[in-house]
Asker: 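First, the structure itself, so that you have it in front of you.
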Amino acid sequence: HNLMACYLYAAWSLKRGVEDGLAADEAAAVRRWKSVIFSIAIEEMVHLTLASNLSVSIGGAPYLSRPNFPVPPGFHPSGVVAALAPFCHALLDHFIYLERPEGDPTSDSPDFAHPVNLIRRQTKGRLMPSHQDYLTVGHLYRGIRRGFGNLHHQLGSRGLFTGDPASQISPDEVTAPGMQIVTDIASADRAVDTIIDQGEGAPGHRNDSHYNRFLGVRREFEELT
């Protein structure tokens with residue numbers, strides 16, 4: 001939710017075209033960059049829907065509350081800085097860092113300072129969930145998939161998937177790649193895989209991932225400037 005807002009803010013900060021003083025080649029490039037960012041933001045909306053469907057499938061509900069920007073330290077792990085900023089080279093570095101595959105050594109832009117000594121530990125033995133750290137978005141969702149697998153092993157499908165599928169957003173209501181309802185462990189795994197693969201890229205095939213598309217925008221931006 002927060003990343004989607006950051007992406008849209010960046011896209012809308014770009015000039016409109018020749019009417020704002022851009023040369024023809026610059027205007028064409030800006031149109032391409034806006035198209036890329038908007039397409040990524042739309043896929044983030046799909047991810048938000050899939051995360052909500054995952055929650056509903058086990059008897060939960062969508063959680064759409066979020067803090068104002070800039071998001072204060074501690075709401076996310078220290079490595080996730082969410083702040084609204086206009087389109088620039090530093091912001092592209094930041095987006096690439098946020099969408100990076102797990103294990104990628106990419107560093108964040110120094111313009112986005114990370115809080116120091118902030119560690120969020122998951123506390124075991126409590127009735128309510130607690131914050132936990134994760135290095136990347138993919139890391140977070142792999143943990144969610146592992147949690148679904150553990151609960152499925154303990155409770156079985158009927159004991160885990162207690163939510164009403166009719167309360168989820170279905171592909172009949174929203175047509176988008178990867179959109180689906182969650183009714184069992186197989187569909188839960190597919191939903192998580194969609195979020196991971198569209199963001200950081202599927203292993204061995206990352207050309208259309210958010211990570212690679214932002215790399216392409218940065219490369220063209222550097223060539224143009």
Side-chain angles (χ1 to χ4, degrees), residues 1-14 29-52 54 66 69-71 75-114 132-146 176-180 189-225:
H1 196 177
N2 288 326
L3 295 186
M4 178 178 64
C6 293
Y7 296 160
L8 291 174
Y9 188 95
W12 283 320
S13 75
L14 285 161
V30 166
R31 284 194 299 271
R32 288 193 295 273
W33 300 342
K34 284 184 176 180
S35 177
V36 169
I37 297 173
F38 284 142
S39 69
I40 291 173
I42 289 171
E43 288 181 359
E44 292 292 351
M45 296 178 189
V46 174
H47 300 176
L48 181 62
T49 305
L50 290 174
S52 298
L54 284 163
R66 60 165 183 78
F69 290 103
V71 176
F75 189 83
H76 297 304
S78 60
V80 180
V81 176
L84 301 178
F87 183 96
C88 63
H89 193 283
L91 187 67
L92 288 173
D93 287 346
H94 180 56
F95 288 167
I96 290 166
Y97 172 79
L98 292 174
E99 296 282 7
R100 72 194 187 284
E102 196 169 353
D104 189 287
T106 299
S107 299
D108 201 356
S109 166
D111 289 12
F112 292 84
H114 294 192
Q132 55 185 297
D133 271 345
Y134 46 89
L135 297 176
T136 66
V137 174
H139 182 190
L140 166 66
Y141 278 97
R142 287 184 181 91
I144 292 172
R145 181 171 58 195
R146 186 166 56 250
M179 185 69 72
Q180 64 165 67
D189 285 346
R190 286 196 301 271
V192 172
D193 286 343
T194 294
I195 296 171
I196 295 174
D197 291 350
Q198 287 185 349
E200 67 178 41
H205 184 73
R206 306 185 189 276
N207 291 342
D208 201 36
S209 67
H210 298 181
Y211 173 75
N212 238 18
R213 278 183 272 174
F214 277 131
L215 281 174
V217 171
R218 186 179 66 180
R219 185 164 50 248
E220 187 174 6
F221 179 66
E222 290 172 344
E223 292 171 354
L224 194 63
T225 54

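Keep in mind the model is a prediction, meaning the values are calculated, not measured.
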Asker: Applying side chain to side chain contact (heavy atoms under 4.5 Å, CB included), name anything that partners Asp189, two or more places apart in sequence or on another chain.
Answerer: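 If we apply the side chain to side chain contact (heavy atoms under 4.5 Å, CB included) test to Asp189, skipping adjacent residues, the hits are Arg145, Ile185.
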
Asker: For Phe75, give me all partners under ring-ring contact (aromatic ring centres under 6.0 Å, His included), at least two apart in sequence or on another chain.
Answerer: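 For Phe75, no residue satisfies ring-ring contact (aromatic ring centres under 6.0 Å, His included) once neighbours in sequence are set aside.
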
Asker: Between side-chain atoms of residues 89-96 and protein atoms elsewhere (two or more places apart, or another chain), which donor-acceptor pairs fall under 3.5 Å?
Answerer:
| residue | atom | partner | partner atom | Å |
| --- | --- | --- | --- | --- |
| His89 | ND1 | Asp93 | OD2 | 3.3 |
| His89 | NE2 | Glu222 | OE2 | 2.6 |
| Asp93 | OD1 | Arg218 | NH1 | 2.7 |
| His94 | ND1 | Asp108 | OD1 | 3.0 |
| His94 | ND1 | Asp108 | OD2 | 3.1 |
| His94 | NE2 | Val81 | O | 2.7 |

Asker: Return the set of residues passing side chain to side chain contact (heavy atoms under 4.5 Å, CB included) with Val30 (not counting sequence neighbours), or none when no residue passes.
Answerer: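 Result, side chain to side chain contact (heavy atoms under 4.5 Å, CB included) vs Val30: Leu14, Leu22, Trp33, Lys34.
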
Asker: Scan residues 3-13 for pairs that pass side-chain hydrogen bond (donor to acceptor under 3.5 Å, both in side chains), counting only residues two or more places apart or in two chains.
Answerer: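 Of all non-adjacent pairs touching residues 3-13, those that pass side-chain hydrogen bond (donor to acceptor under 3.5 Å, both in side chains) are Tyr7-Glu99.
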
Asker: Between Ser35 and Arg31 (side chain of the first, backbone of the second, donor and acceptor by atom type, cut-off under 3.5 Å), is there such a pair?
Answerer: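 Not confirmed, Ser35 side chain does not pair with Arg31 backbone.
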
Asker: Taking the side chain as every heavy atom from C-beta outward, state whether Arg213 and Ile40 have any atom pair closer than 4.5 Å.
Answerer: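 Sidechains of Ile40 and Arg213: in contact.
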
Asker: Give the C-alpha distance, both sets of side-chain angles, the deciding distance and a yes or no for side-chain contact (heavy atoms from CB on, under 4.5 Å) between Leu215 and Asn212.
Answerer: CA-CA 5 Å; Leu215 281 174; Asn212 238 18; 3.5 Å; yes

Asker: Would you say the side chains of Glu200 and His210 form a donor-acceptor pair under 3.5 Å?
Answerer: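 There is no such pair (donor and acceptor under 3.5 Å, judged by atom type) between the side chains of Glu200 and His210.
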
Asker: Using the test salt bridge (charged side-chain N to carboxylate O under 4.0 Å, His left out), find all partners of Asp104 that sit at least two apart in sequence or belong to another chain.
Answerer: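 Partners of Asp104 under the salt bridge (charged side-chain N to carboxylate O under 4.0 Å, His left out) test: none.
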
Asker: Between Gly178 and Thr194, which heavy-atom pair has the shortest distance, and what is it?
Answerer: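 Taking every non-hydrogen atom into account, CA-CG2, 3.8 Å.
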
Asker: According to side chain to side chain contact (heavy atoms under 4.5 Å, CB included), who are the partners of Val80, at least two apart in sequence or on a separate chain?
Answerer: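 His76, Pro77, Leu98, Tyr134.
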
Asker: Could you report the tightest heavy-atom contact between Phe112 and Ala85, atom names first, then the distance?
Answerer: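 Between these two residues, the closest heavy atoms are CZ-CB, 4.2 Å.
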
Asker: Restricting to non-hydrogen atoms, name the atom on Ile196 and the atom on Gly138 that form the minimum distance, rounded to 0.1 Å.
Answerer: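 Between these two residues, the closest heavy atoms are CD1-O, 4.0 Å.
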
Asker: What's the shortest heavy-atom distance between Ala51 and Ile195, and which atoms?
Answerer: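 Closest pair (atom of Ala51, atom of Ile195, distance): N-CD1, 4.4 Å.
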
Asker: Would you call Tyr97 and Ser109 a side-chain contact if the rule is heavy atoms closer than 4.5 Å?
Answerer: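 With C-beta onward as the side chain, the pair stays apart.
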
Asker: May I ask you to test the Cys6-Leu84 pair for a side-chain heavy-atom distance under 4.5 Å?
Answerer: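 Yes, at least one pair of side-chain atoms sits under 4.5 Å.
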
Asker: Determine the minimum heavy-atom distance between Ala10 and Phe87, stating which atoms define it.
Answerer: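 In terms of heavy atoms, the two residues are closest at O-CB, 3.7 Å.
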
Asker: Between Met4 and Glu43, is there a side-chain heavy-atom distance shorter than 4.5 Å?
Answerer: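 No, too far: nothing below the 4.5 Å cut-off.
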
Asker: Taking side-chain hydrogen bond (donor to acceptor under 3.5 Å, both in side chains) as the test, write out the residues that go with Arg219, two or more places apart.
Answerer: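 side-chain hydrogen bond (donor to acceptor under 3.5 Å, both in side chains) list for Arg219, sorted by chain: empty.
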
Asker: Not counting sequence neighbours, which residues clear side chain to side chain contact (heavy atoms under 4.5 Å, CB included) with Arg66? List them please.
Answerer: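 Result, side chain to side chain contact (heavy atoms under 4.5 Å, CB included) vs Arg66: His1, Asn2, Phe69.
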
Asker: If I compare all heavy atoms of His139 with all of Asp133, which pair ends up nearest, and what's the gap?
Answerer: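 Smallest heavy-atom distance, with atoms named: CE1-O, 4.5 Å.
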
Asker: Do any pairs count as a salt bridge (Lys or Arg N to Asp or Glu O under 4.0 Å) and have a residue in residues 81-90, sequence neighbours left out, and if so which ones?
Answerer: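 Residue pairs passing salt bridge (Lys or Arg N to Asp or Glu O under 4.0 Å), neighbours aside: none found.
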
